[in-house]
Every structure is written in C-alpha cells, then in structure tokens.
Trainee: 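Before we start, here is the structure in question, set down as structure tokens.
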Amino acid sequence: MNLIKIILFGCLLWNLSGCKEVYDAPVQQPTTGYLVVEGVANSGPGGTVLTLTRTTKFTSPTISYEKGATVKVEGDDNSSYSLVEKTNGQYSIDNLPLNASRKYRLHITTRGGKQYISDYVGVNNNPPIDSIGKERQGDGGLGLFVHTHDPANNTRYYQWSYEETWQIQSTFMSYLKYKITSSPRSGDNYTVVYRDSVSFSYDTTIANCWQGNISTNILLGSTAKLASDVVYLPLLNIPHSSIKLGVLYSVYVKQYSWTEQGYQFLDRMRKNTEATGSVFDPQPSQLVSNIRSLSDSTEPVIGYFNVCPVRDTRIFIYRKDVPWWDYSMYCMSAEFPNISDSIKALALGYIPTTVSEFTISGGIKTFTAATPECVDCTLRGSNKRPAYWPR
Amino acid sequence: MFLKKAIWQGLLGLLCLCVQAQQDSTRISLSIRDTSIEVLATAIEKQANVHFYYDSARFDSMRVSVEVKDVSLKSALDQAFASLDIYYLIEGDRIFLTRGRALNPAINQGYYTGVSPQVKDSSKISFGLADDETDKPVQKATLENKVYEIGDKTLASPPKTVTMAGYVRDVKTGEPVVGASVFIEKPRVGISTDQFGYYSLTLPRGRHILNIQSIGMRDTRRQIVLYSDGKMNIELQGTVIALKRVIISAQKLNNVKGTQMGMQKIDIKTIKQVPVVFGEADVLRVVTTLPGVKTVGESSTGLNVRGGSADQNLILFNDATIYNPSHFFGMFSAFNPELVKDVELYKSSIPTRYGGRLSSVLNVSSREGNKKNITGVAGIGLITSRLELEGPLIKDKSSFIIGGRTTYANWLMNLLPDQYKDSRASFYDINLNIAHEFNRKNSLYLTGYLSKDKFNLNSDTLYGYGNANISLKWKHIFSNKLNSLLSVGYDRYQYNITSDKLPLNGYKLGFNVNQAYLKFHVNHYIGTRHVLEYGLNSIFYKLNPGQYNPVGDKSLVVADTVAAEQALESAAYLSDHYNICNSLSVDAGVRFSVFNYLGPQSVNSYAPGLPKTLDNITGTTHYQAGKFIKTYGGPEYRISLRYAFTDSFSVKAGYNTQRQYIHMMSNTAAMAPTDIWKLSDPNIAPQWGQQFSLGIYKNFKANTIEVSVEGYYKTMKNYLDYKSGAVLVMNHHIETDVIPTQAKAYGVEFLLKKLTGKLNGWISYTWSRVLQKADDPTTGEIINKGMYYPANYDKPHDITVISNYRITHRWSLSLNATYSTGRPITLPVGIFYYANSARTLYADRNAYRIPDYFRMDFGVYIDGNHKVHQKTHNSWSFGVYNLTGRKNPYSVYYVAENGIVKGYKLSIFGSAIPYINYNIRF
C-alpha cells in the first residue's frame, strides 16, 4: 500500500516546503555484530556468490565483511561443496552441480570457530524470463516490466534484481588541445594545436562513456493469488528525458525464485527498511531466518538460505525506440582568439574543440571551446566499453 | 473475590456515616440574634430532619432571636416565636409557618383532601396557591411564578409520596432537553432527563419548588403542589443564539452529586468554540482534549481511553454503532456538527446498559427536529460544506431533521504538484431523524445515518469505505414510575479496495461487518431512593472478513472469500441507583453477557500447549448453519459509590469489569480505513478488563469552578497483538498471526473546569502509563523478552488547556494549547547491507519515543447581529491551527533510499494552518 502518499498529500496541501525533514534520533547504540548472509545458491548454469557481513552500529555505517570463514553447501545425500573466499566477504563457486530432487543446507564456520547452519531447503522452480516489456507512461517516462510465466504453476514467489548501463556521448568532440611552452622570459605561453596533427581526428577516449546503476530495492512479486503463474510486473521506471536513453540503454535482469517463507522473509525486510514511516504502514517486525547459530539459538542471524536456478536476460533500448524523448545536455561553446594572453585570460576553464577561423597560412586563428562536462565524458562515467555493448 | 468483599465492607462502613435523624428525639441547640426566619429555618433544618414551609414575602420583615440548648424541636420553636406573631404546625417532617393566625391541624387535613371551602381560603393565605384548575391531561408548565397543581386533590387517602413525570422540552423548537437536572432542594431529590427529555421524580406530597437546569437553557424553576401521581411537561427557554455562554448546570451538580465517575459530557456549543484544523467543528477532536483520552497522532481519530486501544471504545451515534468514526484520512470525524447535540464519554463507571467494549463508551446524540417551525443551517468552509434542515411533520407532534455534508477537496488536489494531480478524495454523510409522539404514553423515533469515503492518491488503487445505520425506537410510558424503550436497528461498515493498473493483477477487495440488534430497556423508579434500570440486549453479527475478486478481462486473480462469520451477543442487566441518604449513594449493577459463535463455519483445532501455527493444526471441524460452535460469557460488574461531604465536595470510588467479543485487527500505529474486525471464536478468546477508580470532586465559587482528581488502575487480558509480519487481510486462519497479550494501565487525571463567565474553558492534565506484555511461549512469539513494553499510545504526560474569552455577546476568542510526551516507537539499533543497500536492524519494540508534542490553536467566533426577528442569522469563524507552526513529529523513521539509510521526521502539519467558515441559519 502506498499510503505514505496520504501523509505527503496532507503536507503538500498546506505546506509545500514539506513536513518530511531529515532527522537523526538520539539513539543509544548497542553493539550488535550479527551475521548477515546474502545470496542464492544457483542450481542452474553460472556461478554462485554468497556475501557474509556483520551488522554494525547505526552510527558508524561501514560494511563489516566476514572474512576467513568456511562456507559449504551440503546436500541431504551427504554431498558437500565448498565455496572459495574472494574479496569483500564474498564466497563463490563457479558451478554448483545440485540435484533438483535433493535438499540442501548452508553450513558456515567462522574464523572464530562459530558454526551456523540453515534448514534443509529444496531446489525451487524458476522459469526463464519471457521478456522485458516497455511501456510509455502517462508522464512520458518509460516503464520496464518483467514478464515471466511458469506453465507448471509452481514457482509463485519471485525476486528480481537489475543492473542498468547506458552510453553517454560528449556534446562536442575535441580536435584541439592547449600546448604550453615555457620560457624564462615570458613565462607560460599558451597556444591551441591539433591533438593529432597527422589524422586531425578527435579524442575518442573522452567522446563515449558508460554510466551504470544497480537496483537497491528488494523487488518482489508473487502470483500466489492468481489463477495461473503469470507475471507482468513493473521493474523500474526511466523518467522522461533522462540521460539514460540519450544514446543507448541496456538493462540486465536477474530472476530468483523463493519458497513462501523465504519470500516472507524478504518481504518483511522490504517493509521494515523501505516501506516505513507513514501513518498506515505496519510497524517494524522481526525477521525470521532459516539460518541459526549452533552455539546460541537466540542469536539473530539475518539471511535466508535459498536454492534455485538463477535466470537472467539483457535488453537494449536505442534512443530511436522512444520518440520524443527530449533529452539534451545544455552545452554552449564560445570562440576565442588563439593568442596566449587571451587564452590565459578567458579560455583556460574550457576545453578547445574545433577550429573556428584559419589564418591565411592555414594556422588556427580562432577556435571554439566548451565547458569540460560537454567535452570530456569521463567526468561523468567510465570510458571503458562494456564487453556486451554493441559496436 | 476479595475485591467485591472489600467494596461491600467499605459500603457498610460508609452507611454509618449517614445521619438518620428522627425529629421526635431530636435535640436542638440554637443561638441566633436578630436574624431572618430563613436563617432560623436553615439552622433547624441542619439539626433536625425537617423542612420549613412558609411564604417568605410575609415573613421578610420579621427578625428572630433565640438562645436554647439541647431542647426538643417544639420547645425551640415555642421559644423562638414566643414574642412574635408567628404560628407553626408540625406535620410529619414538615413545619408550616403562618402569620396572624394558627393553622388548625383539622383544617390542614382538609386542605389536603379539599372538602372544606375554608380550607381553600387558608391554603391561599398561607401558601398563595393558584386558583383551582381542572386536571388537564398533561399540563405544560412554562411560567415560573405560577403554581402548578399535580394530581387529584380530592383523593380520600392521599399518598405520602407522589410520583410526577413528564418531558422537558425547548419552548421554541419543541425538542426534548436531554440530561436536564430536575430537582428540589429540600429534601434534595433530583434526576436527569433521559435521551428523550423524560423525567420521573418521587417527592413528598405537598408544595415544592422544582428547579430545572440544563446546558444551553436558562436555569428555571416551577412552583408545584403535589396531590397524587401526575404528569407535567416543562418547557424551557433556550439561551438566544449564544448570547449567553453555555452554562453546564447539569454538570455542576452531576460532577459532585452524581455517582458517575470518569464521565464527561460536552455540548455542541462548547465543541464549536474549540478551534480545529480546517475549522470544521469536530466532536472527536474535542473529546481528545479531555483527561485520559489520547490519540496516536494528529491524523488519527482513533481514541485511546485510559490505556485502551482504539477498538475498545463503543462509539454510538443515537444508539447505532459506528465502526469507523473518521473521514478523509482521519482529518474529520464522521459526525456532522450541525446535527450533534452533545457527546458523553464514559471512561470508568460505564452504565450496565452498555457493553461489548473494554475501555469506554462514547455516546454522540443528535438533535431532534424543531416541532414548531421549519428552520435550517447552511455552512461553508474551505473543504466541506454542510446543510441542515428541520421542522415539524405534524405540529407539536412530530418532527424531522435532515443533514448532509460533502467535500470538494478535488480543487485543492489540482493545486498540488504534478505527481499528485491525479489524486482524488471525497466524502459525504447524511443524517435523518424523525420523532413522532403518538400520545403521551407512546413515542417513536427513526434515525438513519449514511457515510461514504472515497480516495485514490495518484494511483489506480481506489479506496472506499462507509457506515450505514438505521434504528427505530419506541418509547412507552407505563406509569410515572415505569417506562421502557425498545429499539431495533441495523449497523453496517464496509470497505473496498480496487486496483486495475496492472491488467493481470486487477482486483477488488471487500470487507464488511453487519449487525442487527434488539434492545429493551426499562427505567423503574421505586420510592424516592431507588432507580432501577434493567433490560436485555441482543446483537446478531455477520462479518464478511474478505472477498477478493478479479477486476478486468485480463485479470488472473483467483476469486477468494474468507468464510463469513456470525455470532450472537446477548446481555441481560440490572442496576440500582440507590440514594442511601443525602450524602451517600451507590450505583450497583451487573450485566451478564453471553456470546455464541455460530455456524456455518470451519474451525481449525490446534495441538494444546503448542503455538497456533499451520504446522500444529490437528484438524478442522465443519459446523452447520445455526450451530452454536462456542459460547463465552460471564458477569460484568459495575459498581460506583459516592460520598458527599458537603454540597460541593465528594469522593467516589468505582470498580467495573468489561468483556469484548469483537476485535479490530490492525498492525498499523494509527486506525486505518483498511483495518478489519474479527469475532471471538474457539481460537480467539474474548478480551476481559477490569478497572478500579477513585476520585475527589470539589466545586468552588457557587459551583462555577469544578475540580476533580481521578486515579485508576486497569488490567486487560487477551488483548490482541500481532506476530511479526502478520497477514491480516484475506487470512483464512488469522489465529495463527495474532498473540493474546496482557496489558496494564494506570494513571491520575486532573481536571479544572470553568464553564461560566467571560473567561471559560478547562485545563486537564493526565499522567498515565499503559504497558503490554507477551510472555507466553505457547503463543509462538515472545515480544521484548516477555517484559512489559509501552503500548503505541503510551504518552505519560498530557496537558491540555482549552480557553474561551467572550469579548462581547457577538465576539469570542479561543486559545488552546496541548502538550504531551512523544509516543513510543521502534527505532533501529543497527545497520546491515543486503540487496545492494544499507538496511536497518530492529530489536526491542517501542523502546524509544518521538519528540514531544506541542500545539497551540487560536480561533475567533463572530455572530451576526442578534435581532431575533429576522430571516437569517449568520456567523463567521476563523482562526489558525498550530499557531506556532511547530512541526510536531507524527513519526520518526529510517528508510533505505538509493542504497543508504536516511532518518526522517514526519509531521502531518508543517506550518500554521488558517481556516475560515461561514454559517447561516434560517
């Protein structure tokens, strides 16, 4: 329920400055340090990564990685697979040869020798993602929807995560650069020269870049109340005229499936941490994990061990696919004489782009220059082209 | 029950304090010099159980001096009047004084039987009686100076005591005056009129001055002579369009004199003076300013009375149960202020005729229509407008009143930023009351109420809810001493949620609760000292706890229905209001309630001693329609006791128990429109509560200032809390998601009230706690390690000042201030990372509090001119809500946004909010 809006409505009605204020309650912080286990054992193709961290004090929110632990996935057929520690509390294995008719549990031994064990869980069904739907919204934005179905009607509880990537292009190509010559008599002397005096081409390393974003919300969907196991749910929304669709956009979607209890665990965590604060939202509730400490059964553990084949898909959206997108970066260029004193006085904050006027001899008489953000895309993203990006 | 024993022992102890004087043996001591007859009479009345009767006009120039010690009454009188032209006659406990000539006992006898012509003369001389009148069917007493005769003066054997009864009505509109005090001073006998303005008084035969006092009416008196049982209707003059401030005379007396504890009554004029948000006079918001009443927050009309939850209040609107008393996200209460007459709140000594809720009874009464002329009121405000029309159907016999309210907030929505432009919110409510008097013994009342709310907030999810109520009441008067009220009615509350934005998931969710009831109530006056109330109630419930259906062609939603629940709640009750003597009275009653959970139903059984979870279901039993599946029941005791040390100082004590068979299911802090109700069943036991209370009441300055201090201690059993992540909607086995908890509440309430004079208002302060505990491991979840933890509405300190200053008859100013401790909340104790985001870790429930609450409101009320004979009267009200603009936090919460956790403080009103309202009466 999106009833938080009700309150915002009341606020906005009377006080457009808003009645929601940033606030930090003076809370006494106990030391917690409970184990947090995140990740799904992938019974399908592809690797499995589990991340172990510890809860920290609210006042010092740094990630505390659990290092040096032994992490195993154990089957009820006495099979056992050890995960290998990587950096940042990650424990991974490339392929888990799990048997869909068996049950598995997670067994963690920390560096300090404390043991944590999960209940045995079965391998959930997880059908492939059918498609990612695109729908223009009333406000001009583009809504992306995930479409999945399980003909066996046996999956029911889904979770998704996504990674967005989009290409950005500099508005102006830079064919020119400043050349500084120093002489003891007159100090620094600035002139504009071609970047490449052979091919006269622009600097490709600052013309195309990529930005990205990963989902930070717990995205859940259930078909438990539907006649058939068919999903068509909103995944994310790209606001109208956003830079994301300025050139080319891609989203990579992963789909997990859960048991009913596992789904409730995630849904509670979502409600506790994302959907809170309005008058009508439920109060925070305890998370019920299927992982417990062997030495202290009352010790809270955060996480829910789950096994399913992880499904994924990637789509691309070109700007031409979304008419009237209206994205543009407002960039201006200005003309400067190619004279050291003028450059020093006026143009040093800009990056030279193209020749504006030639001298009779073919030299650069005046040139245009623009603000760095309009020329150098690495100021906003990485110029490393992702491997999957179309040429 | 040691408790009951203690109470009865205490009662017996107090009995000894009653002075049961007999004048035969009475010894009198007087030391009086040169005073009026009145002083002498008062002095003797104080020492002997006698009353003087004389024509004060004839004695006002007489001066008396007397000095006696420990003599009989007769010799005291002899000495006092020895040198004076005064004669006395002692007749039982009455002493008649005459001037010039003695009253002959024989003549006196004749006066009562009315045989001798001389008698008439003498009665005229000594008592200034009016001329003989023929006995009219029911006389209408409108004049103060006229002497009204009641009964048959020709009776051969006149009764010693006489019962008179009748209606008290407004002379201008013919509407009944409810809760008016009708009393005589000597001996002190009095009663309040019932909801139809009916009173019945048993008095000694003879002449009395009957005082009538009521809110909004001029205090008045009637001179009567009682011969035998008879009827007299009294018509009162209203105060003209708030020229006078409301004088709560009835309260003045009730506060000290009544046995009721923890009872507050506010009339609509007082309610309208209190400035509120949007300027819409709001019954519930004013109730929250009373001591012992709290709310979770600003947009919540859910009341928490003495540590009770919002569903533990029985909210009655003309006897109809209102399940959701709020409109517009809780910004307005469901009651149209133009129709409301007054509000009564019972916090501790709840009369036996009410039951079924643990904490309180809030009784909102609406007016009866004008029986003489067609009149009406129209009002216009920023968000709502109101219309009310009333008048006679048959003049002086029957009347109607109809009122409606609607909102036009959509224009405001259009002013909102784009993201809210598709939001819509609206409500309306309609009231109708018809009263008809067939004859002096039979009256019929029809009341109806309908409300509807609809809103969507920039989404395609549409919320709607509404109340519908209808009732028919028949009042029958058997005799002056016995009258009855029979009511039948039907109440309904429903809500629905519709969403069709996602074609595959389009759904409609519906919930409703229906009840049909039959109530039979009898008031029985026995002698001068007992008022019995007894009766029977029966409510048949039918709840449809959830219907979930697909909406749209593409929807894949599977229709699902949670089986309807039905039950019968019945009660028989008897209470006696016993005036043991002037200073001591007791109200003792018992209500025996029985609850039958009825088939058809499938009931899960769970392994005993294990938590109620799906894994522990041992079987499911199916019951046929009408089958009694489970019966709960038991007595509820309602006892209160008052001892008056003086006319203006009393102490009261009370004990009561309550049972509640219907529960509201809500895991949100505030009362939400989507909360559902659930009946007790074999797996969910009824709630039970008891309360001890003790209070001290003192009035100052001729009863114009009332001070009271009340303390209470309360325990509750089987109050439902929810397991973590409970699913309350469309749950076929809701018992697996709830936990019965214990609760205790205690507190002290202080109230200082001045309701007369230019400056009036009240100051209330409450210190109270309410703590809950869930420590039974077999229930499946232990909260806060089984320790007591504060409930959501535990706000220890709460102080409210309501003040009104009348500058002229047309202008008045109001200023309110309220302060309370912040409510408890659950705050995160740590942080962790999951799904690419920092997230909050919660531990103990309600371990922290939000910052304290403070608000001040200011209002101005301007009446148009006060010429009585003009077509319309108009009035303006305007003011500022939250004058200081303080951003009172409603909640403090932490939310993960874009991967990081942010703390927020959310206030519902972030600035000062002005309002304006215009009303026109015609």
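Bear in mind that the values here come from a model prediction, so they are computed numbers and not experimental data. Residue numbering restarts at 1 for every chain, and letters A, B, ... go by the order of the sequence lines.
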Trainee: Tabulate, in ascending numerical order, the residues of residues 257-266 of chain A having at least one heavy atom closer than 4.5 Å to a heavy atom of chain B, or enter 'none'.
Mentor: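 Residues in range: Trp258(A), Phe265(A), Leu266(A).
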Trainee: For residues Glu38(A) and Tyr833(B), report the shortest heavy-atom separation together with the two atoms involved.
Mentor: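 Minimum heavy-atom separation between Glu38(A) and Tyr833(B): OE1-O, 4.1 Å.
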Trainee: Take atom CG of Asp553(B) as the centre, draw a 6.0 Å sphere, and report whether it contains more than 12 heavy atoms from other residues, nucleotides or ligands.
Mentor: no
Trainee: Which one of Val557(B), Val558(B), Thr840(B) has the most heavy-atom pairs closer than 4.5 Å to chain A?
Mentor: Val558(B)
Trainee: Looking at every non-hydrogen atom in both residues, tell me the closest pair between Thr55(A) and Phe832(B) and how far apart they are.
Mentor: CG2-CB, 3.8 Å
Trainee: side-chain contact (heavy atoms from CB on, under 4.5 Å) with Leu556(B): which of Val230(A), Asp229(A), Thr223(A)?
Mentor: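 Option passing the side-chain contact (heavy atoms from CB on, under 4.5 Å) with Leu556(B): Val230(A).
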Trainee: With the side chain counted from C-beta on, respond yes when Tyr232(A) and Leu502(B) share a heavy-atom pair under 4.5 Å apart, and no when they do not.
Mentor: no
Trainee: Could you tell me the separation between the CG atom of Leu504(B) and the OG atom of Ser228(A), rounded to the nearest 0.5 Å?
Mentor: 8.0 Å
Trainee: Thr53(A) versus chain B, heavy atoms under 4.5 Å apart: side chain, backbone, both or neither?
Mentor: side chain
Trainee: For Tyr842(B), which atoms come within 4.5 Å of any heavy atom of chain A: side chain, backbone, both, or neither?
Mentor: side chain
Trainee: Atom OG of Ser837(B) and atom CE of Met269(A): how far apart are they, to the nearest 0.5 Å?
Mentor: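 It is 10.0 Å, given to the nearest 0.5 Å.
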Trainee: Between Asn836(B) and Ile214(A), what is the shortest heavy-atom contact and its length?
Mentor: CG-CD1, 3.5 Å
Trainee: Does any non-hydrogen side-chain atom of Glu274(A) lie less than 4.5 Å from one of Arg839(B)?
Mentor: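 In short, these two side chains touch, coming nearer than 4.5 Å.
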Trainee: Which atoms of Tyr507(B) come close to chain A, meaning under 4.5 Å heavy atom to heavy atom: side chain ones, backbone ones, both, or neither?
Mentor: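 For Tyr507(B), no heavy atom lies under 4.5 Å from chain A.
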Trainee: Hey, could you give me the NZ/CD1 distance between Lys57(A) and Ile831(B), rounded to the nearest 0.5 Å?
Mentor: 13.5 Å
Trainee: Heavy-atom distance under 4.5 Å to chain A: side chain of Leu841(B), backbone, both or neither?
Mentor: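 The side chain, not the backbone.
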Trainee: For Lys225(A), look at atom NZ and say whether over 12 heavy atoms of other residues, nucleotides or ligands are found less than 6.0 Å away.
Mentor: yes
Trainee: For each of Ile218(A), Val288(A), Leu233(A), tally heavy-atom pairs with chain B at distances under 4.5 Å, and name the one with the top tally.
Mentor: Ile218(A)
